[in-house]
J.: 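Attaching a single structure in structure tokens format; questions to follow.
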Amino acid sequence: MVNYLATVVVTLKQVVNDPQGLTVRSGLRQLGFEEVDEVRVGKHIEVRLSAENEKAARARVSEMCRKLLANHVIEDVRFQVEQQDAQVGASR
Amino acid sequence: MKFGVVVFPGTWSDRDCGQVIEQVLGAEVRFLWHKDRDLQGCDCVILPGGFSYGDHLRCGALARFSPVMESVVTFAEHGGLVWGICNGFQVLCETGLLPGALIRNDVCEFRCEPVHLFVERADLIYTANLDRGAVLEVPISHGEGNYFADAATLSQIEQNGQVVFRYCQPDGLVVPAANPNGSLHNIAGIVNEAGNVLGMMPHPERCAEAELGGEDGLKLFNSVLDSMREVLVAS
């Protein structure tokens, strides 16, 4: 089995109003960042897992997103899967 | 007539519901622990307000994996009465028993205040003692009560007449100014198509005694009790 790190990013769909993003945008503008057009606030989730190979890891993470990590009524989800070097991880 | 009140870790309105059912309504109540699967023969299961599982990930997202929810889903699918209040409404949407989702209030504030509700449906077990067009005053208490559904789902809900309560002015006018959280179409509560699963953000259990500032919430509890008595007597 190989160790993987999945980085999952969950954001509200474009059609869903994002009041947090609007508030952050207005804060940035007040700080002088007038060039800011839009801010969307989302979630960053790190999942460490083991799998036979990257394809299997991706399939499992995709299922996790579908079943729990995102609510598909309101959220979009995307993720990356990277192989982790177990020895480097242990020496830190 | 027996009510069940589900208790998740982080639920906070369970005792308020229990007080109303037992002391005000004079009916039987059973508290249903989230790890149990036995609904103990309850005729109506309430998913009360609070912060089940700390609202982690999303409101209601983790509660739906509790053992008790498997039984609640089966119970609802067989026509059992399931009534979600506040966090309970969020759980019902996450579970898929009700369409749509509840997102952060458009004002980015936790809103804890009395609101007025226009009663759209008076033909349900939950609203049998009311008239269509009646106005109720019931408190809300939530940060994520902004009802959202995509355009197709929303139009389906409206066509099916699934909206039970809308935020309105004291005179019953449904206008944007009466909307405390940005909910689409001022939606405060909906039912499933069959009419046995109700989700609502306002808290009827917090206005069921005159000493506590109002009795409009009691009308819903009484409706369930009276309707179920008829059903139980008839069977």
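Numbers restart at 1 for each chain; the letters A, B, ... are given by sequence-line order, proteins then strands. Any value given below was found using the heavy atoms of this structure, including those in side chains, with hydrogens, waters and symmetry copies removed.
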J.: At their closest point, which heavy atom of B:Ser227 faces which heavy atom of B:Ser223, and how far apart are they?
T.: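 B:Ser227 and B:Ser223 have their closest heavy atoms at OG-O, 2.6 Å.
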
J.: Can we say A:Glu75 and A:Lys13 salt-bridge, meaning some charged N sits less than 4.0 Å from an Asp/Glu carboxylate O?
T.: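 Answer for the salt bridge query: no.
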
J.: Using a 4.5 Å heavy-atom cutoff, which residues in residues 46-67 of chain B come close to chain A?
T.: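 Listed by number, the contacting residues are B:Leu57, B:Arg58, B:Ala61, B:Leu62, B:Arg64, B:Phe65.
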
J.: Heavy-atom pairs under 4.5 Å with chain B - which of A:Leu68, A:Val15, A:Asn17 has more of them than the others?
T.: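 Sorted descending by pairs with chain B, the first entry is A:Leu68.
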
J.: For B:Asp106, is it the side chain, the backbone, both or neither that has a heavy atom under 4.5 Å from a heavy atom of chain A?
T.: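 For B:Asp106, the contact with chain A is made by backbone and side chain together.
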
J.: If you tally heavy-atom pairs under 4.5 Å against chain A, which of B:Thr153, B:Ile103, B:Asp150 wins?
T.: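 Result: the option with the highest number of such pairs is B:Ile103.
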
J.: Pick one of side chain, backbone, both or neither for A:Leu22, based on which atoms fall under 4.5 Å of a heavy atom in chain B.
T.: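 Contact with chain B involves no heavy atom of A:Leu22 at all.
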
J.: Checking heavy atoms, do the side chain of B:Asn146, its backbone, both or neither come under 4.5 Å from chain A?
T.: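 Neither; nothing under 4.5 Å.
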
J.: How long is the span from the OG1 atom in A:Thr11 to the CG atom in A:Asp76, to the nearest 0.5 Å?
T.: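 Reported value, rounded in 0.5 Å steps: 5.0 Å.
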
J.: Taking all non-hydrogen atoms of both residues, which atom of B:Val6 and which atom of B:Thr11 are closest, and how far apart?
T.: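 Distance-wise, the nearest heavy atoms are O-CG2, 4.1 Å.
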
J.: State, with a plain yes or no, whether a side-chain heavy atom of B:Leu198 is found less than 4.5 Å away from one of B:Leu98.
T.: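 Not in contact.
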
J.: Closest approach of B:Leu81 and B:Phe75, non-hydrogen atoms and distance?
T.: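 So the two residues come closest at O-CE2, 3.3 Å.
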
J.: Does a salt bridge link B:Glu144 with B:Arg104, judged by any charged N lying under 4.0 Å from a carboxylate O?
T.: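 Result for this pair is yes, salt bridge flagged.
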
J.: Determine whether A:Glu38 and A:Gln14 make a side-chain contact, defined as any pair of heavy atoms from C-beta on separated by less than 4.5 Å.
T.: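 Yes - at least one pair of side-chain heavy atoms lies under 4.5 Å apart.
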
